[in-house]
Novice: 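Take this structure, written in structure tokens, and hold onto it; I'll ask about it next.
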Amino acid sequence: MSKTLYKTPFSRAYWRDAAKDAKALRTLVFSALMVAACVALGLIPSIVVGTGGIKISWGFLGRALCALVGGPVNALVFGFVEDTVGYFMNPDGGYNPFYIFTTMLGAFTYALFLYRAEVTVLRVFLAKLFTNIQNVFLQSLGAYLWYSSKGYWVLVGERAIKNAVMLPIQTLMLAALFAALLPILHRMGFLPNQAAKLRLWKKPEWIGQKKAQQSEKAEPWKD
């Protein structure tokens, strides 16, 4: 496994590593375990938070973890399989292929923020923020086209409130999960050294450079 970390996903090397990891046997086995985990988490009753249908569910934990390890290419395949298997294991209403797309996109987004990166609470928050924004607009669209008699923007408003309330809760849940599992995944060989533990944030490089320059000025010149 390559040990390279990337600041952003905007490089050929990033996508070469993502494609290579997606085909690795250990990644496929881990993804299969995460599919089973998501199905099992989907069977756990949601916890109601206040009124308005706001609930804490659990499946996003398995999706984010698989995206972290497997990368964006694997995340697309995982999202397709997980949504399909999850539906047939626990049918709830009619089968809607549109939600396969939203699950794939959500797992893909987690991977763009977390795969081959130093995992920080800030990155976790941004990953959850973007997936929640997708939930607001895309899941509202799916409900509007197939199920609901309400207007699209009414659904968007309702989902925006729910996702805004859930964002800090879900961020804390993911941060706690990663804090516990990153060292274990590192010891198992899934993560490089720099991604072996959760950090609050990544210190900008210019801070380290400034300290080094100040240290050099403080030291007397030696022949």
Side-chain angles (χ1 to χ4, degrees), residues 1-35 38 60-83 100-138 167 170-171 174-175 177-179 181-213:
M1 170 184 174
S2 171
K3 301 297 184 182
T4 306
L5 295 186
Y6 298 92
K7 294 181 180 179
T8 72
F10 304 112
S11 70
R12 290 184 178 181
Y14 175 93
W15 291 100
R16 281 198 301 267
D17 282 345
K20 184 177 179 181
D21 283 345
K23 296 182 289 186
L25 178 60
R26 65 187 305 162
T27 303
L28 296 175
V29 172
F30 185 83
S31 298
L33 291 173
M34 288 301 100
V35 168
C38 286
F60 73 96
L61 298 171
R63 295 184 196 110
L65 194 60
C66 187
L68 165 76
V69 172
V73 177
N74 176 75
L76 293 173
V77 179
F78 165 81
F80 177 86
V81 174
E82 187 260 315
D83 189 85
I100 295 177
F101 167 72
T102 60
T103 302
M104 292 171 64
L105 182 60
F108 180 78
T109 302
Y110 283 126
L112 292 181
F113 281 95
L114 302 174
Y115 171 73
R116 295 298 184 88
E118 290 189 41
V119 184
T120 64
V121 174
L122 177 60
R123 275 186 176 270
V124 172
F125 171 79
L126 291 175
K128 201 70 205 72
L129 173 64
F130 275 81
T131 55
N132 281 17
I133 291 173
Q134 292 167 13
N135 291 341
V136 168
F137 291 99
L138 293 179
L167 178 60
Q170 292 171 326
T171 300
L174 282 173
L177 178 72
F178 290 156
L181 293 186
L182 287 180
I184 297 173
L185 292 172
H186 169 61
R187 289 196 294 270
M188 294 174 67
F190 284 108
L191 301 176
N193 291 337
Q194 301 93 319
K197 66 178 182 178
L198 180 70
R199 294 173 172 81
L200 182 61
W201 69 309
K202 182 179 179 180
K203 183 172 65 176
E205 294 181 359
W206 63 268
I207 294 179
Q209 293 173 352
K210 185 176 180 179
K211 288 184 177 180
Q213 292 172 356

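Along the sequence shown, the residues carry numbers beginning at 1.
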Novice: If you compare all heavy atoms of T103 against all heavy atoms of G79, which two are closest, and at what distance to 0.1 Å?
Specialist: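 Nearest pair, atom of T103 first, then G79: CG2-O, 3.6 Å.
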Novice: Please assess D17 against T4 for the test side-chain hydrogen bond (donor to acceptor under 3.5 Å, both in side chains), listing each intermediate value before the final yes or no.
Specialist: CA-CA 9 Å; D17 282 345; T4 306; 4.7 Å; no
Novice: Counting distance only, does the side-chain N/O of W15 pair as donor-acceptor with the main-chain N or O of P9 below 3.5 Å?
Specialist: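 Confirmed, W15 side chain pairs with P9 backbone.
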Novice: Between T120 and L198, is there a side-chain heavy-atom distance shorter than 4.5 Å?
Specialist: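 Not touching, per the 4.5 Å side-chain cut-off.
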Novice: Where do T131 and G106 come nearest, in terms of heavy atoms and distance?
Specialist: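 Looks like CG2-O, 3.7 Å.
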Novice: Going by heavy atoms in the side chains, are M188 and I184 under 4.5 Å from each other?
Specialist: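 In contact.
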Novice: Measure the spacing between CG of L105 and CD1 of I100 and express it to the nearest 0.5 Å.
Specialist: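 These two atoms lie 13.5 Å from each other.
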Novice: Are side-chain N/O atoms of S31 and N74 paired as donor and acceptor at under 3.5 Å?
Specialist: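 Yes, N74 and S31 have a side-chain donor paired with an acceptor closer than 3.5 Å.
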Novice: Please determine which of Q134, R63, K128 meets the side chain to side chain donor-acceptor pair (under 3.5 Å) test together with T109.
Specialist: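 Only match with T109 under side chain to side chain donor-acceptor pair (under 3.5 Å): Q134.
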Novice: Which heavy atom of F78 sits nearest to which heavy atom of A107, and what is that distance?
Specialist: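 What the structure gives for the nearest pair is CD2-CB, 4.2 Å.
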Novice: Atom CG in L65, atom CG in L185: separation rounded to 0.5 Å?
Specialist: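 Atom-to-atom, L65:CG and L185:CG are 5.5 Å apart.
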Novice: Testing the basics here: between L5 and P192, what is the closest heavy-atom pair and its distance to 0.1 Å?
Specialist: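 That closest heavy-atom pairing would be CD2-CG, 3.4 Å.
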Novice: Hey, which of Y110, F190, F178 is the one that makes side chain to side chain contact (heavy atoms under 4.5 Å, CB included) with L68?
Specialist: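 When Y110, F190, F178 are each tested with L68, the side chain to side chain contact (heavy atoms under 4.5 Å, CB included) holds only for F178.
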Novice: Could you grab the distance from atom NZ of K197 to atom NE2 of H186, nearest 0.5 Å is fine?
Specialist: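 The distance works out to 11.0 Å.
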Novice: I want to check something: taking the side chain as every heavy atom from C-beta on, are V73 and V77 in contact at a cut-off of under 4.5 Å?
Specialist: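 Heavy-atom side-chain distance check fails, nothing below 4.5 Å.
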Novice: Hey, can you tell me if F113 and F130 have their rings parallel, tilted or perpendicular (30° and 60° cut-offs)?
Specialist: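 Tilted, since the angle between the ring planes falls between 30° and 60°.
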Novice: Quick one: pull up CG in L181 and CG in L177 and give me the separation to the nearest 0.5 Å.
Specialist: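 Taking CG in L181 and CG in L177, the distance rounds to 4.5 Å.
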Novice: Over all heavy atoms of both residues, which pair between G62 and M34 is shortest? Give the atoms and the distance, please.
Specialist: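 Heavy atoms of G62 and M34 come nearest at O-SD, 3.9 Å.
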Novice: Could you grab the distance from atom CG of D83 to atom OG1 of T102, nearest 0.5 Å is fine?
Specialist: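 Nearest 0.5 Å value for the CG-OG1 distance: 6.5 Å.
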Novice: Nearest 0.5 Å please: distance from the OH atom of Y115 over to the OH atom of Y14.
Specialist: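 It comes to 7.0 Å.
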Novice: Mark yes or no for whether T27, through its side chain, and D21, through its backbone, hold a donor-acceptor pair below 3.5 Å.
Specialist: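 Side chain of T27 to backbone of D21, a donor-acceptor pair under 3.5 Å: yes, one is there.
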Novice: Which pair of non-hydrogen atoms, one from L112 and one from P72, has the smallest distance, and what is that distance?
Specialist: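 For L112 versus P72, the nearest heavy atoms are CD2-CB, 4.2 Å.
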